[in-house]
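Lettering of chains follows the sequences in order, A, B, ..., and the numbering in each one begins at 1.
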There are 4 protein chains.
Amino acid sequence: MARRPNRTARRAQIVEAMLRVMAARGYERSSVAAIAEEAGLTPGLVHYHFRSKEEVLRALLEHLEAILEERFVRFSRGAANPRDRLAAFVDAHLARDASARPEAVACWVALGTEALTREDIGAAYRDMVGRHLAVLQGLVRDALDAAAGDVARAPAIAAGLYAAIEGAFRLAAIAPGVIPEGSAASTLHAMTDGLLGPREETP
Amino acid sequence: MARRPNRTARRAQIVEAMLRVMAARGYERSSVAAIAEEAGLTPGLVHYHFRSKEEVLRALLEHLEAILEERFVRFSRGAANPRDRLAAFVDAHLARDASARPEAVACWVALGTEALTREDIGAAYRDMVGRHLAVLQGLVRDALDAAAGDVARAPAIAAGLYAAIEGAFRLAAIAPGVIPEGSAASTLHAMTDGLLGPREETP
Amino acid sequence: MARRPNRTARRAQIVEAMLRVMAARGYERSSVAAIAEEAGLTPGLVHYHFRSKEEVLRALLEHLEAILEERFVRFSRGAANPRDRLAAFVDAHLARDASARPEAVACWVALGTEALTREDIGAAYRDMVGRHLAVLQGLVRDALDAAAGDVARAPAIAAGLYAAIEGAFRLAAIAPGVIPEGSAASTLHAMTDGLLGPREETP
Amino acid sequence: MARRPNRTARRAQIVEAMLRVMAARGYERSSVAAIAEEAGLTPGLVHYHFRSKEEVLRALLEHLEAILEERFVRFSRGAANPRDRLAAFVDAHLARDASARPEAVACWVALGTEALTREDIGAAYRDMVGRHLAVLQGLVRDALDAAAGDVARAPAIAAGLYAAIEGAFRLAAIAPGVIPEGSAASTLHAMTDGLLGPREETP
DNA sequence: AATGAATGAGCCTTCATTCAT
DNA sequence: AATGAATGAAGGCTCATTCAT
């Protein structure tokens, strides 16, 4: 039953290599050879650890989601109220802090196109959107609740915010500068405030 | 005695074919042969009318923008005030009326990925974003003006709205159903209202 | 019976265009479209005047030979003795005077490769070599005769000279500068003298 | 556990195949598929071992030069004086002994055409001509020295001889029979004697 | 676990040639 | 005579995947 200890490590190494290559070239033009080279491995080995290139893509989707999740947890650490947790969700996606990874953002954009086209990537992507949206709706509902707002508006607001986050991702990757340098997150915070009403002072 | 030229018509025919194929497969997997077949032509002829596959993509970008432009003009027709013109801008992108083209939406998503990767598609895409954003800022400023709002907020609001529109495009294509069937536009309208404040009654 | 007056002119125009294009690209990469464009015509018209691309090549071979012939006649004009006529033959091939055409030289090189490969070009080329060699042998024999040399050496000397001329052509085109600028002809003249013995003074 | 590399052997195999195919068809019409088939390999494998078809051509140029070099060394083995070494140089190019390779001669002709057209093949070709010419000049100078001839004539004589050798190559390939069967070498020897004066008896 | 060779299918593109006008 | 469109057959090259070692 002894697992080869580098099985997991190797897979992670390959997925990370794909993250970098795919950010620069998109999925189709990320050849297995290029991914292997970026990882410092040989093409054959990639197929030893993954059944196919598409399987690497699926693993990459999970990896990207894990990165987001980790950031959300970290940004939420100091969040004392619903509004702060909402801001943490936005920051997890858009804050350009030291741990930000522009390649990951580019990957999300490329991944969306694959989700559009490949059946099982699409399914996985939709699952993820569902989970994210559920979280976001919860946060919005809490925030509305706290502000004595109309909780029935939560789904629409959550959907709008999620769309805005995805769009900001996209714009940040494709047309950086359109949303002033590094301020995607603050633009989104302003939007959040616009949608939820001004924050209450917590005395 | 010369044969009647038909370049313009043929080019349009090819671009439309690519629109359909690319919506289903993405750019890289839209082979020239598949595009030609969709158009009822031979692969050689595609290259007779376009220098390269990428040139078809550039033409497609223009075509897609023209479609949006035409819709915006049409939806603006009855718009009496800034707020309505703003709604027309949103509807041009997201309304699911009879003239809506889901393939075009899918194409925008795929196109973004190519913009990320191909230098001149990226440049053309950024140009377009610049133009759209300028229009949108104008509309937002007018709307704020009419509502006696703070005009200085226009750039941030416009950027946020544009991001939301792009994101809604993306979600509509990749995960239809997340934003309730056909209501992407109304979600965005609600967001607009949230950002600009309630509409004034025009007595 | 009235010939269309431009039939001949058009053919010449096409052959001259091919001469220029082929000098720059070689035969295979000289597309009919490129030749037509160089001639200011359309591709279809080339095939109206020539059955095939190879037929243009055959016409070009004749054209190139005619250019050489014309030069030989011209350089021979003032030649008073066999030795001068021999020099004229060399100059017809190698002199870099105002009427020299470097493209023609390059074409000869490219043409040789086609002669190697295409049956009927090869045959035409060998015919031409035969004619040239006959002329050259005559000249050498006359020169040996006048110098009281051994006429039996004529074939070998003629063959050697002809090889040297062909080789000088080749070097001039491929590695200009190896044979000092413009001195291919004088190098060949020196070789001729070496082979035939010093010239007699014509008192 | 790794597979034993065989790059060098495979590359040589491919280059030799190209030598044969190119002698018969010229460069452009030597398709990678044909080369692969001649080598008993698949087309994909050719591109696994060479970046491009042109890289095979570059390797072929080196291979051809190595063949000449080897022959020169071999023919020089018994050469006791400058004149014999000169003869060895000529024989290395033109002697039709058992080790002679007519395909190699045809390849040289075809290669010259490519040198005319392709920038880096041209550069490599000119390099080689420079090296050959330097060797030849040295040999001619030694021979003139030994015969108490005018050493200043060495460059012109060397250039003339080299041109004659190249031309004989060409004629031998394109119009065999013009220079009587197998006597290209002896014709060149005669030319050499004509240019350097009669040999001295070595008592 | 790992390597490097090998395959086979497919892709973009070029091009000589034909043809309707 | 002339044009411009159209075709069909390659051709060079890439690449995911398999496999012997």
**Prompt:** With respect to the side chain of D/Y48, which nucleotide from F/dT3, E/dT14, E/dA5 is positioned closest?
**Reply:**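 In terms of side-chain proximity for D/Y48, the closest of F/dT3, E/dT14, E/dA5 is E/dA5.
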
**Message:** The side chain of A/K53 is closest to which nucleotide in this list: F/dT17, F/dA6, E/dT17?
**Reply:**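 Selected nucleotide (nearest to the side chain): F/dT17.
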
Which heavy-atom pair separates [X] from [Y] by the least distance, and what is that distance?
{"X": "B/Y125", "Y": "B/L61", "value": "N-CD2, 4.0 Å"}
{"X": "D/L19", "Y": "D/L60", "value": "CB-CD1, 3.8 Å"}
{"X": "A/A36", "Y": "A/P43", "value": "CB-N, 3.6 Å"}
{"X": "C/A173", "Y": "C/V105", "value": "CB-CG1, 3.9 Å"}
{"X": "A/L41", "Y": "A/Q13", "value": "CD2-NE2, 3.9 Å"}

Nearest whole angstrom, please: distance from the [atom2] of [N] to the [atom1] of [X].
{"X": "B/L45", "N": "F/dA6", "atom1": "CG", "atom2": "P", "result": "5 Å"}
{"X": "D/H49", "N": "E/dT7", "atom1": "NE2", "atom2": "C1'", "result": "12 Å"}
{"X": "C/L57", "N": "E/dT17", "atom1": "CG", "atom2": "P", "result": "12 Å"}
{"X": "A/F50", "N": "E/dA2", "atom1": "CZ", "atom2": "P", "result": "13 Å"}

**Message:** One thing to verify: whether C/R126 and C/E119 come together as a salt bridge, which I'm taking to mean a side-chain N less than 4.0 angstrom from a carboxylate O.
**Reply:**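 The answer is yes: the pair qualifies as a salt bridge.
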
**Asked** Is the distance from OP1 or OP2 of F/dT14 to the nearest side-chain N or O of D/H47 less than 4.0 Å?
**Response**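 Answer is no, no contact under 4.0 Å.
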
**Message:** Applying salt bridge (charged side-chain N to carboxylate O under 4.0 Å, His left out) to D/R11 and D/E55, what does each step give before you reach the verdict?
**Reply:** CA-CA 11 Å; D/R11 282 178 64 104; D/E55 199 192 302; 3.2 Å; yes

**Item:** Toward the 5' end of DNA chain E, by each residue's nearest nucleotide, D/P5 or B/R51
**Value:**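 Checking each residue's closest nucleotide, the 5'-ward one belongs to D/P5.
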
**Message:** Does anything in residues 15-29 of chain A form a side chain to side chain donor-acceptor pair (under 3.5 Å)? List the pairs, not counting sequence neighbours.
**Reply:**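 Residue pairs with at least one partner in residues 15-29 of chain A: A/E16-A/R20, A/E16-A/H63, A/E16-A/R101, A/R20-A/E38, A/E28-A/R118, A/E28-B/R29, A/R29-B/E28.
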
**Message:** Taking atom CD as the centre, does C/E54 end up with more than 12 heavy-atom neighbours from other residues, nucleotides or ligands that are less than 6.0 angstrom away?
**Reply:**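 Yes - once you tally the heavy atoms of other residues, nucleotides and ligands closer than 6.0 Å, there are more than 12.
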
**Prompt:** Toward the 5' end of DNA chain F, which comes first, A/P43 or B/P43, by nearest nucleotide?
**Reply:**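 Checking each residue's closest nucleotide, the 5'-ward one belongs to B/P43.
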
**Message:** Please list, in numerical order, the residues of residues 6-42 of chain B that have a heavy atom closer than 4.0 Å to any atom of DNA chain E.
**Reply:**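 Contacting residues: B/S30, B/S31, B/V32.
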
**Item:** Involving DNA chain F, stems made of at least three consecutive Watson-Crick or G-U pairs, both distances under 3.5 Å
**Value:**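 Detected stem regions: E:2-21 with F:2-21.
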
